[in-house]
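Report on the structure given below.
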Amino acid sequence: TTLGPKGRRPLSEANTTLLHNPRRSRAPLRPLGASYEPGAAERPHNKESPMTKRNIPVKMNETYTLGIRDLGIHGEGIGSVDDFTIFVPGALPGETVTARIVAAKKSYAQGKLISIDSPSPCRTKPECPVYDACGGCQISHLTYEGQLALKEKRVRDVVSRLGGFSEDLVLPVLPAAHPWNYRNKMAVPVSQVTGGPVIGYYRQGSHQVVPIDGCLIQEEENNRVLRFAQGFMARHHVQGYNEKSRKGSIRHIMARTGDKGEVMAVIVTATQALPFAQLWVKEMRELLPEVVSIYHNVQAGRGNVILGNTIHHLWGRKTLTATLAGLSFEISPFSFFQVHKDQAEKLYETALDYASLTGGETVIDAYCGTGTISLCLAKKAKKVIGIEIVEAAIEDAKRNADFNHVENAEFYAADAGKLMPALYKEGLRPDVIVMDPVRAGCSEDVLKAAAAMEPKRIVYVSCNPATFARDAKVLSALGYTLKKVRPVDMFPQTMHVETVALLERGE
């Protein structure tokens, strides 16, 4: 994307359609085209006279023409008929569409897109051949410029509407240099149907696997593992796993790509034994020379968790080496590592810039995970203290510190909301606190503990703009001023957007 003065993208007809939208609405995360059931917080409502089935202005199976004013956060168009909200998967802001009502509730309805009467200038033909069926991506029917504009607008909306801050605090989104083939980790489900095993991604709103030969957002090394697994299972009549009958063996194929294109492959089974285990190793070594590590994992439980606790190392190295921001990490099948390396580096560079470290600061990294941000901070700080409640992640963080010869970082497996007050009582006075919580955001205890330690700056890294805006409002009431928010497009072709924000303590 070409940037204008001061790094801002020039406004064009293609992106102003998405940026300037007076009507705002949010929706829960669900793939484009899935059946939609918003939670209470997202449902449109009329406070004066709640709608009932008797006064819903639309009828089931009838078609209506409507203008699309916005997108829900999982990619469906939002329009209305007589001020009654209609969600139309596949429609884009600025378009006039015809939709047939396929579901109706008291306060909203879902329509199926029948025709696009007036298309958006941002609309494009998706490059993926199974885009309409697959639930992996939500907005590949938007140009990449349109995707960036949409994500920037979404952050501006929630910062203003949920946080009560000025939209002007939101800086232009950082685009990805390569919006395709960026994911270094793949985990695809395997199913067994009448015709044999099927490997791919789940169809929108279901657990029916859509067969694919490769994924356009995956690095090509991962796609080669997928195609190998398809051929191997067909050649040797290996059965995939059937969720309903709970019969069959192969449940997931997982691949991770590290430095120099080296690959770790993990075959996940519902059975304790891997059929033709040594043959998997033999043929993979012959046909995929880039594979340097092979594992067999057992996941016999119900549910959607990909990896089970039992794992067998079949061949090769036990870990994969991957570099990030000048640091090296040893990756195991269970390790967390950023799936989009280039954008993760931009994210960390922004966080470091906002931290404004000069070498003499003490920094707390709450929700530190496996220590990736902590170790980046340690390069410019006097001391870094990483806190994470997941013990396995802390053990990874300690190993990562040793591997990179970082001696000024300490890691604690603890609840940050409880440990930080204890450290404060012991005399610790951090200059900067960095937060990178899960999608649910920070706990109230952590926010209060952070503010009570009175750091000069708080750097908040978020994968959910809505919960960030909520937490920033709390920190504002506790004496911190929101200075700026930078969106980062970590996952092109999807509705997800990350943010890095700077808050400073008032006088």
Test applied, side chain to side chain contact (heavy atoms under 4.5 Å, CB included); reference residue, Ile86; option that passes from Leu66, Ile68, Ile78: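 Single pass found, and it is Leu66.
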Examine distances only and state if a side-chain atom of [X] and a backbone atom of [Y] form a donor-acceptor pair shorter than 3.5 Å.
X: Gln230; Y: Ile212; answer: yes
X: Tyr182; Y: Gln343; answer: no
X: Arg256; Y: Ser335; answer: yes
X: Asn181; Y: Ile217; answer: no
X: Lys341; Y: Leu324; answer: no
X: Glu388; Y: Val390; answer: yes
X: Thr350; Y: Lys346; answer: yes
X: Gln299; Y: Val305; answer: yes
X: Glu345; Y: Ala325; answer: yes
X: Gln147; Y: Ile139; answer: yes

Heavy-atom pair of closest approach, residues [X] and [Y]:
X: Tyr367; Y: Cys442; value: OH-CA, 3.3 Å
X: Pro211; Y: Val130; value: O-CG1, 4.2 Å
X: Asp489; Y: Val173; value: N-CG2, 3.9 Å
X: Pro57; Y: Val81; value: CG-O, 3.6 Å
X: Val97; Y: Ala91; value: CG1-CB, 4.1 Å
X: Thr370; Y: Phe336; value: OG1-O, 3.7 Å

Measuring from atom [atom1] of [X] to atom [atom2] of [Y], what distance do you get when rounded to the nearest 0.5 angstrom?
X: Glu504; Y: Thr481; atom1: CD; atom2: OG1; result: 8.0 Å
X: Lys484; Y: Phe165; atom1: NZ; atom2: CZ; result: 16.0 Å
X: Leu92; Y: Ser118; atom1: CG; atom2: OG; result: 11.5 Å

Ring geometry between Tyr202 and His207 (parallel below 30°, tilted from 30 to 60°, perpendicular above 60°):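 Judged by the thresholds at 30° and 60°, the geometry between His207 and Tyr202 is parallel.
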Passing candidate, side chain to side chain donor-acceptor pair (under 3.5 Å) with Tyr131, options Gln138, Lys125, His141, Gln493: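 When Gln138, Lys125, His141, Gln493 are each tested with Tyr131, the side chain to side chain donor-acceptor pair (under 3.5 Å) holds only for His141.
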Chi angles and distances behind the side-chain contact (heavy atoms from CB on, under 4.5 Å) call for Arg470, Leu162: CA-CA 6 Å; Arg470 177 202 68 196; Leu162 300 182; 5.8 Å; no
[Y] and [X], any side-chain heavy atoms less than 4.5 Å apart:
X: Phe329; Y: Leu375; answer: yes
X: Cys463; Y: Glu498; answer: yes
X: Asp436; Y: Cys368; answer: no
X: Glu167; Y: Val159; answer: no
X: Val238; Y: Pro197; answer: no
X: Ile199; Y: Val209; answer: no
X: Val446; Y: Met435; answer: yes
X: Tyr64; Y: Lys59; answer: yes

Residues, nucleotides or ligands: over 12 heavy atoms within 6.0 Å of Glu444 CD: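 Atom CD in Glu444 is not packed in, count stays at 12 or less.
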Enclosure of Arg246 CZ (heavy-atom neighbours >12, cutoff 6.0 Å):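 Atom CZ in Arg246 is packed in, count exceeds 12.
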Test log, rule side-chain contact (heavy atoms from CB on, under 4.5 Å), inputs Met264 and Tyr295: CA-CA 8 Å; Met264 172 183 289; Tyr295 278 90; 4.0 Å; yes
Step-by-step side chain to side chain donor-acceptor pair (under 3.5 Å) determination, His340 to Gln338: CA-CA 6 Å; His340 192 166; Gln338 293 285 357; over 6 Å; no
Stepwise side chain to side chain donor-acceptor pair (under 3.5 Å) test for Asp117 and Ser115: CA-CA 6 Å; Asp117 306 319; Ser115 65; 3.0 Å; yes
Ile253/Ile267 under side-chain contact (heavy atoms from CB on, under 4.5 Å): CA gap, chis, key distance, verdict: CA-CA 5 Å; Ile253 299 296; Ile267 304 110; 4.2 Å; yes
Partner of Asp157 under salt bridge (charged side-chain N to carboxylate O under 4.0 Å, His left out), chosen from Lys153, Arg161, Arg154: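 The residue from Lys153, Arg161, Arg154 that satisfies salt bridge (charged side-chain N to carboxylate O under 4.0 Å, His left out) with Asp157 turns out to be Lys153.
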Tyr348: partners by ring pair (Phe, Tyr, Trp, His ring centres under 6.0 Å), with sequence neighbours left out: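 Ring pair (Phe, Tyr, Trp, His ring centres under 6.0 Å) check on Tyr348 returns nothing, list empty.
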Results of ring pair (Phe, Tyr, Trp, His ring centres under 6.0 Å) for Tyr480 - residues two or more places apart only: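 Testing Tyr480 for ring pair (Phe, Tyr, Trp, His ring centres under 6.0 Å), a comparison that skips the adjacent residues, returns none.
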Check against salt bridge (charged side-chain N to carboxylate O under 4.0 Å, His left out), Glu152 and Arg156: CA-CA 6 Å; Glu152 186 176 311; Arg156 290 179 181 275; 3.3 Å; yes
Derivation and outcome, side-chain contact (heavy atoms from CB on, under 4.5 Å), residues Phe232 and Met284: CA-CA 9 Å; Phe232 183 93; Met284 195 173 288; over 6 Å; no
